Amino acid sequence: MPGTGPAADAAPAAGAGAVPEPSGVDLARVALRAAKEQARARGAAAQEKKQARRGGGLRSGARADGRDPLALGAAINRLITERGWETPAAVGGVMGRWPQIVGDDLAKHCVPLRYDEDPEERVLTVQCDSTAWATQLRLLAPRLVARLNEDLGQGTVRLIRVLGPGGPRRGYGPLRAPGSVGPGDTYG
């Protein structure tokens, strides 16, 4: 008779610890669970696609996070840092504070025009309204460079180029004598 004897008694004891193969109802449960997970994944993908069409679906909550709007000053500072505009922005600030840096008397007669930020140059160009003030600024230039470098950081300004007053306008107007070369030509 099959199933009698010591070998038959050992077989059920060895199989008692093993996991039985799923059958019937168990197979249906496993298949249902897998189908639900696939449907959930498809639904999540469709929801993400729909939110992306609406503008990302990112909504700010009750607490501050990276999606919240920034204050204007913070946004500008972030932009300056990201673009590497720290030195030009600092020099622009100096041009705005020119009267406090050089004094009211000098600021009335000398105006900063531009800053060349080339690492080999780093020149601040200043124009004066008379040759006397241009000479005065040339004498004060070393002290002014030191003062600017204290404010902006060492080596930011290496030289101050001083320009005198500009010459007369080159536009002579619509009324000119034929063959003339300028205003000096008509006086004599």
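Note that the structure is a prediction, hence the values are computed from the model and not measured.
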**Prompt:** Taking only residues two or more places apart in sequence, or in another chain, which ones meet Arg138 in a side chain to side chain contact (heavy atoms under 4.5 Å, CB included)?
**Reply:**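 In terms of side chain to side chain contact (heavy atoms under 4.5 Å, CB included), with neighbours along the sequence ignored, Arg138 is linked to Ala134, Thr135, Val162.
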
List the atom pairs, donor and acceptor, that lie under 3.5 Å between side-chain atoms in residues 105-115 and the rest of the protein, sequence neighbours left out.
| from | atom 1 | to | atom 2 | distance (Å) |
| --- | --- | --- | --- | --- |
| His109 | ND1 | Asp129 | OD1 | 3.4 |
| His109 | ND1 | Asp129 | OD2 | 3.1 |
| His109 | ND1 | Trp133 | NE1 | 3.4 |
| Tyr115 | OH | Thr156 | O | 2.4 |

**Message:** Walk me through whether Leu144 and Leu137 qualify under side chain to side chain contact (heavy atoms under 4.5 Å, CB included).
**Reply:** CA-CA 9 Å; Leu144 191 55; Leu137 187 62; 3.9 Å; yes

**Request:** Supply the atom-to-atom distance Leu140 CG to Arg147 CZ, rounded to the nearest 0.5 angstrom.
**Result:**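 The CZ atom of Arg147 is 12.5 Å from CG of Leu140, to the nearest 0.5 Å.
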
**Request:** Nearest 0.5 Å please: distance from the CD atom of Glu37 over to the CG atom of Leu32.
**Result:** 10.0 Å

**Message:** I need the minimum non-hydrogen distance between Pro165 and Ser130, along with the two atoms involved.
**Reply:**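 For Pro165 and Ser130, the tightest heavy-atom pair comes out as CD-C, 3.7 Å.
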
**Request:** Check the surroundings of atom CZ in Arg78: do more than 12 heavy atoms from other residues, nucleotides or ligands lie under 6.0 Å from it?
**Result:** no

**Request:** Decide if atom CZ of Arg161 counts as having more than 12 heavy atoms of other residues, nucleotides or ligands within a radius under 6.0 Å.
**Result:**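 Atom CZ in Arg161 is not packed in, count stays at 12 or less.
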
**Item:** Single-linkage hydrophobic cluster, 4.5 Å side-chain cutoff, Leu72 and Ile80 together
**Value:**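 Result: yes, single cluster for both.
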
**Prompt:** Given the rule that I, L, V, M, F, W and Y join up when any side-chain heavy atoms are under 4.5 Å apart, are Leu148 and Val123 in one cluster?
**Reply:**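 Shared cluster, no.
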
